Amino acid sequence: MVIVDRVTKVYPNGVEANVDVSLRICSGEIACVLGPNGAGKTTLIRQVMGILRPTRGSVRVFGLDPVVHQGVVKRRIAYVPQLPVYYPHETVVGISEFFAKLYGVPLGRVKEVLEALDLWGIRDRKGEGLSPGERKLLLLALALIKGGDLYVLDEPTAFMDVLKKRTSWEMLLGERREGKTMIVVSHDVEEVRRICDRIYIMFGGRLVASIASPSELSRGVEVR
């Protein structure tokens, strides 16, 4: 579903955000990109989304160049951004129903997702009254309401407490059981162990390891 082939991104100031990164993500799997802040994870995601054009190398999503076919690719992707952006004057249920109508999703899906993520109890609260963790949870809810062939989740449980994280993980695992494909960017090792099928580790803009099983994180991996 996603092929990243020897991708390098050099910004105009000379900073190399990605260096010779290659990975493949298959249909129906949750692939995690793990690494510290500044590792190049978000830059990689922006290239997959078609927001950034690689300096060298190529990216294909659904067999398409995501820069050239950005509109087509974005319609098939459900995205959670890194920062907990929010809608200050909209209620949780109001913005959720807006997304459902925008993407032609039955309104019943709104209640289903908000209940599953423990947001139904605060459905009438406006965005300005949400905590950072609740704002991030709402962004995840909006992505799940929209749906798509590929979920691109950049730090999907950042700012959340442990209980909210576990609720989110269970929801994502449920989506995988329904055949959804996901890219999860994270620096949370526990999150990666719980939900991922394949793990790519980035450091300093480079892909330093590829792990076929989360259990290998416990044993240690060979960094290339």
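Note that these values count all heavy atoms, side chains included, but never hydrogens, waters or copies made by symmetry. Treat the numbers as computed from the prediction; the structure is a model and nothing was measured.
Contact record, Ala78 with Leu153: O-CD2, 4.4 Å, taken as the closest heavy-atom pair. Closest of all the heavy-atom pairs between Leu114 and Ala141 is CD2-CB, 4.1 Å. Contact detail for Ser168 and Leu137: the closest heavy-atom pair is OG-CD1, 3.2 Å. Arg125 and Leu130 get closest at one heavy-atom pair: CD-CD2, 3.6 Å. Scanning all heavy atoms of the two residues, the minimum distance from Ile183 to Val33 falls at CG2-CG2, 4.3 Å.
Distance alone, capped at 3.5 Å, places no donor-acceptor pair between the Lys101 side chain and the Leu107 backbone. Remark: side-chain polar atoms of Thr181 are not paired, donor with acceptor, to backbone N or O of Leu150 under 3.5 angstrom. Looking at Tyr151, its side chain never comes within 3.5 Å of a backbone N or O of Val184 through a donor-acceptor pair. No donor-acceptor pair under 3.5 Å is formed between the side chain of Ser186 and the backbone N or O of Leu34.
Remark: Asp197 engages Arg176 in a side-chain hydrogen bond (donor to acceptor under 3.5 Å, both in side chains) (not counting sequence neighbours). Under the side-chain hydrogen bond (donor to acceptor under 3.5 Å, both in side chains) criterion, Lys74 pairs with Gln70, not counting sequence neighbours. Listed by chain and number, the residues in a salt bridge (Lys or Arg N to Asp or Glu O under 4.0 Å) with Lys9 amount to none (sequence neighbours excluded). Taking the side chain to side chain contact (heavy atoms under 4.5 Å, CB included) definition, one finds that Pro81 meets it with Tyr79, Val85, Leu139, sequence neighbours left out. By the side-chain hydrogen bond (donor to acceptor under 3.5 Å, both in side chains) test, Thr157 pairs with Glu191, sequence neighbours left out. Residues forming a side chain to side chain contact (heavy atoms under 4.5 Å, CB included) with Arg75 (at least two apart in sequence, or on another chain): Val72.
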Worked check of side chain to side chain contact (heavy atoms under 4.5 Å, CB included) between Asp188 and Lys165: CA-CA 11 Å; Asp188 185 330; Lys165 285 186 177 188; 2.8 Å; yes
Side chain to side chain contact (heavy atoms under 4.5 Å, CB included) between Glu134 and Ile122, worked out: CA-CA 10 Å; Glu134 289 168 339; Ile122 59 169; 3.9 Å; yes
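Counting non-hydrogen atoms of neighbouring residues, nucleotides and ligands closer than 6.0 angstrom, the CZ atom of Arg60 exceeds 12 such neighbours.
Counting only residues at least two apart or in different chains, disulfide bond (SG atoms under 2.5 Å apart) contacts with residues 154-192 are absent. Applying the disulfide bond (SG atoms under 2.5 Å apart) test to pairs two or more places apart or on separate chains, none has a residue in residues 63-150. Residue pairs meeting the disulfide bond (SG atoms under 2.5 Å apart) criterion with at least one partner in residues 20-133, sequence neighbours excluded, are Cys32-Cys196. Contacts classified as side-chain hydrogen bond (donor to acceptor under 3.5 Å, both in side chains) and involving residues 107-119 (residues at least two apart or in different chains) are given here: Arg109-Glu112, Arg109-Glu175.
Taking the charged nitrogens against the carboxylate oxygens, Arg194 and Glu190 do have a contact shorter than 4.0 Å, which makes a salt bridge.
Val80 is listed as a side-chain neighbour of Lys136, based on a closest heavy-atom distance under 4.5 Å. Within the 4.5 Å cutoff, the side chain of Val73 has heavy atoms near those of the Val61 side chain. You'll find the side chain of Met171 reaches within 4.5 Å of the side chain of Leu117, heavy atoms only. Tyr86 has its side chain out of reach of Leu138: every pair of non-hydrogen atoms, C-beta onward, lies at least 4.5 Å apart. With a 4.5 Å cut-off on side-chain heavy atoms, Arg6 and Val21 do not count as touching.
Cluster membership check: Ile199 does not share its hydrophobic cluster with Ile30, using side-chain heavy-atom separations under 4.5 Å among Ile, Leu, Val, Met, Phe, Trp and Tyr. Transitive grouping of hydrophobic side chains (ILVMFWY, heavy atoms separated by less than 4.5 Å) keeps Val113 and Ile77 in distinct clusters. Hydrophobic clustering of Ile, Leu, Val, Met, Phe, Trp and Tyr side chains at less than 4.5 Å, counting indirect connections, keeps Leu207 apart from Ile3. Taken together through direct or relayed side-chain contacts under 4.5 Å among Ile, Leu, Val, Met, Phe, Trp and Tyr, Leu172 and Ile25 form parts of separate hydrophobic clusters. Residues Ile195 and Tyr200 fall into different hydrophobic clusters, defined by Ile, Leu, Val, Met, Phe, Trp and Tyr side chains chained together at heavy-atom separations under 4.5 Å.
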Could you pull out every donor-acceptor pair under 3.5 Å between side chains of residues 37-56 and any protein atom, sequence neighbours left out?
from	atom 1	to	atom 2	distance (Å)
Lys41	NZ	Gly35	O	2.9
Lys41	NZ	Pro36	O	2.9
Thr42	OG1	Asp154	OD2	3.0
Thr43	OG1	Tyr11	OH	3.3
Thr55	OG1	Val10	N	2.8
Thr55	OG1	Val10	O	3.4

Would you list the atom pairs, donor with acceptor, under 3.5 Å between side chains in residues 87-99 and any protein atom, with sequence neighbours excluded?
from	atom 1	to	atom 2	distance (Å)
Thr91	OG1	Gly94	N	2.9
Ser96	OG	Val92	O	2.7

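To the nearest 0.5 angstrom, Asn18 atom CG is 10.5 Å from Arg206 atom CZ.
Figure legend: cation-pi geometry between Arg135 and Phe159 absent, as NZ or CZ is not positioned both under 6.0 Å from the six-membered ring centre and within 45° of its axis.
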